[in-house]
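By convention here, the first residue in the shown sequence is residue 1. Counting convention: from 1, in listed order, for ligands and their atoms alike.
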Amino acid sequence: MRLFVVSNRVAVSTGQSAPGGMTVGIEGALRAHGGVWVGWSGKASTDGSVSSRCVAHGNVDYVTLDLPPEKFQGYYAGFANQVLWPLCHGRRDLVAYSSGDFESYLHVNGLFADELVRRLGPDDLIWIHDYHLVPLARALRARGVGSRIGFFLHTPFADPDDLFDLPVHGAIAESLEAYDLLGFQTRGDLESFRTFISRSRASRRLGSVHLTSPPRADVFPIGIETAEFESTARAAQIVDTRLSAIFDRLGSGIAAIISADRLDYSKAIPEKFRAFGAFLELHPEYEERVCLVQVAPIGRSEIPAYALEAARTRSAYRDLRAAHQRAELPVAELLTESVDRPSLAAAFRRSRVGLVTPFRDGMNLVAKEYVAAQDADDPGVLVLSSFTGAAEELSGGALLVDPREALSVVRALRQALEMGIEERRARWSKMISVICRNDAAAWAGNFIESLRGRREAPHLRSTSIAPSRDAPRARLDFRAVRTAQSSWEVQAVSDRARHLVVGRAAPGDGARTAFVTNNAGVNEFLLRVRSAGYTTELLGPNGPVKL
Ligand code: F6P
């Protein structure tokens, strides 16, 4: 049994992470468990087709795909990042939905599914990551894949009301229901998911058809490679030339307040600059004693909202410097390129405050990395937005703030900068023990064990019958499950299952849908499935059954 991890971004074989928390977490998890990591290569295919390559690095095989540019655009810059991303971050005002983008999104998910089908063995476990790939399990089931498939959402789960406003909310719900196990960062995300699914199921329930219970879902807060990051921070020098020049200028007389975020409207970077300006106005004694160092690599720049956010960020930065820059000493620094991880780790260790203030964030692994990077004898203080997943785990030690309230950031900055060594150590110990216990390997281990531990046959999944308009509405006790194309493990469906009816929605349809009865009324049941438009065959626990 191998573990297949699938995500849009892959930290390809160099071991160098692409910006973003997801690859950091997955890389740690895969290093601990070994397996295959499948994702986008970062390149467009030249002739419109898909090409893939595989590179082995340690115990991980990296399979990357070049994707056709015309489809990639609608998939990545379209549906993933102009519909799902803003919805998941409470910005429905930024949603730009188009049915063409949704088709591209499904198409690219289908390409990932094709690639996986070529490589998967029957016992392999599949773990799919993030909002780019929600429909992938459904696409795999449609291709007859019977493996257990799990999904982890790295972002917050969208407000169910917002999701319901999407014309394709039903397809999203059914895609989510194609998984054996879904993982979320926080209890709040899990609750939102459950609300969305139960409302969606209510709207899809037809007559007296009972759907099976919803897929299993739980909270699995993602972790980092804590020990590895700590030792990197302890040993590393800042080799990034821009960052090292900044820290050289600060010397030991100016305390660094550090932030590292992908430049995104969810991260509230302009608001952070303004809050820092307010701090200096209210506490002028800190002028020339502190410097805000913001690392903010630019990405997704083909999307208008990101170009705008980059402009807002630069303008807030200019305003801050115009108002507070004195003499030669820097008041704030903004780096819009990515920085290598060892340099970042070393800079975190040298910074008195980690300032992590997004409006909304699934987890925010930078918060955890800042904690991991600290010197146990003289740790810095984490100032953390309450609206991050990390706040749920780190509330015992971090100073929690509301990024919309500049004054709450101002108060926390002052408290952080004036905090005595004893309190800093006490707060840090609480946080480090959490992130040591729940590191990347533990996170992955928990998820994988839970996925493996599923009692029911993994290749059987819930689906609903789509009845023809005049289908009978008789009450029947059955479960409807989507199955693999070839092998049936009927006895594993459920202890009470008596018969399995296998139907095809259309001749030549690769996917078969199984309808399981657990009562004796199989004739009536069969009739019902047929009247829903399926051609059928009947299987019993030991194979085909003739009626
Ligand atoms: O979960 C969020 C995520 O998928 C993370 O990988 C990272 O924060 C970011 O989005 C990556 O963004 P992109 O792949 O668009 O650069």
Side-chain angles (χ1 to χ4, degrees), residues 5-12 16-30 37-44 64-65 67 72-91 94 101 105 108-109 112 127-134 136 151-158 182-186 189 220-224 259-269 295-307 309-310 336-339 341 344 356 358-369 385 387-390 440 443:
V5 165
V6 194
S7 62
N8 179 59
R9 290 265 181 206
V10 173
V12 189
Q16 277 261 310
S17 292
M22 180 182 69
T23 51
V24 171
I26 295 178
E27 195 168 28
L30 263 172
W37 191 352
V38 180
W40 173 48
S41 64
K43 296 191 210 105
T64 52
L65 280 68
L67 293 170
F72 183 78
Q73 184 66 16
Y75 150 77
Y76 175 82
F79 194 75
N81 281 315
Q82 289 193 80
V83 177
L84 293 180
W85 179 273
L87 280 183
C88 289
H89 292 84
R91 292 299 303 267
L94 295 177
D101 285 350
Y105 179 71
V108 171
N109 271 269
F112 276 108
W127 190 9
I128 294 165
H129 292 260
D130 234 357
Y131 60 100
H132 311 88
L133 300 175
V134 171
L136 188 45
F151 178 79
F152 187 80
L153 183 66
H154 291 255
T155 66
F157 196 86
L182 295 111
F184 299 98
Q185 302 275 27
T186 67
D189 299 321
F220 299 88
I222 189 171
I224 58 166
S259 294
D261 311 271
R262 212 169 29 76
L263 203 154
D264 191 292
Y265 48 78
S266 65
K267 306 289 187 184
I269 300 170
V295 178
I298 295 181
R300 304 182 191 172
S301 37
E302 66 274 46
I303 299 171
Y306 285 81
E309 189 64 12
T336 52
E337 295 87 27
S338 59
V339 166
R341 282 171 60 70
L344 209 50
V356 181
F359 286 136
R360 197 89 179 80
D361 217 328
M363 173 53 64
N364 198 298
L365 292 182
V366 166
K368 293 188 172 184
E369 288 175 344
S385 161
F387 303 99
T388 58
W443 165 69

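Per-residue contacts place Trp85 under 4.0 angstrom from the following atoms of ligand 1 (heavy atoms of the residue considered): 2 (C), 10 (O). In the vicinity of His154, heavy-atom distances shorter than 4.0 Å reach the ligand 1 atoms 1 (O). Each of the following atoms of ligand 1 lies closer than 4.0 Å to a heavy atom of Thr155: 1 (O). Close approach of ligand 1 to Tyr76 (heavy-atom distance below 4.0 Å) involves ligand atoms 13 (P), 14 (O), 15 (O), 16 (O).
Atom 12 (O) of ligand 1 has its nearest heavy-atom neighbour, among His132, Arg300, Arg9, Met363, in Arg300. For atom 3 (C) of ligand 1, the nearest non-hydrogen atom from the set Asp264, Asp130, Asn8, Asn81 belongs to Asp130. Here atom 8 (O) of ligand 1 lies nearest to Arg262 when heavy atoms of Gln185, Arg262, His89 are compared.
Looking only at distances, no side-chain donor or acceptor of Lys368 sits under 3.5 Å from a matching main-chain atom of Met363. Side-chain atoms of Asp261 never come within 3.5 Å of backbone atoms of Ala296 as a donor-acceptor pair (strictly under, hydrogens ignored). Remark: side-chain polar atoms of Ser385 are paired, donor with acceptor, to backbone N or O of Pro358 under 3.5 angstrom. In this structure, Asp130 contributes its side chain and His132 its backbone to no donor-acceptor pair below 3.5 Å.
Relative orientation of the His154 and Phe152 rings is perpendicular, given thresholds of 30° and 60° on the angle between their planes.
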Start with the C-alpha distance between Tyr306 and Asn81, add both sets of side-chain angles, then the distance that settles side chain to side chain donor-acceptor pair (under 3.5 Å), and finish with yes or no. CA-CA 10 Å; Tyr306 285 81; Asn81 281 315; 5.1 Å; no
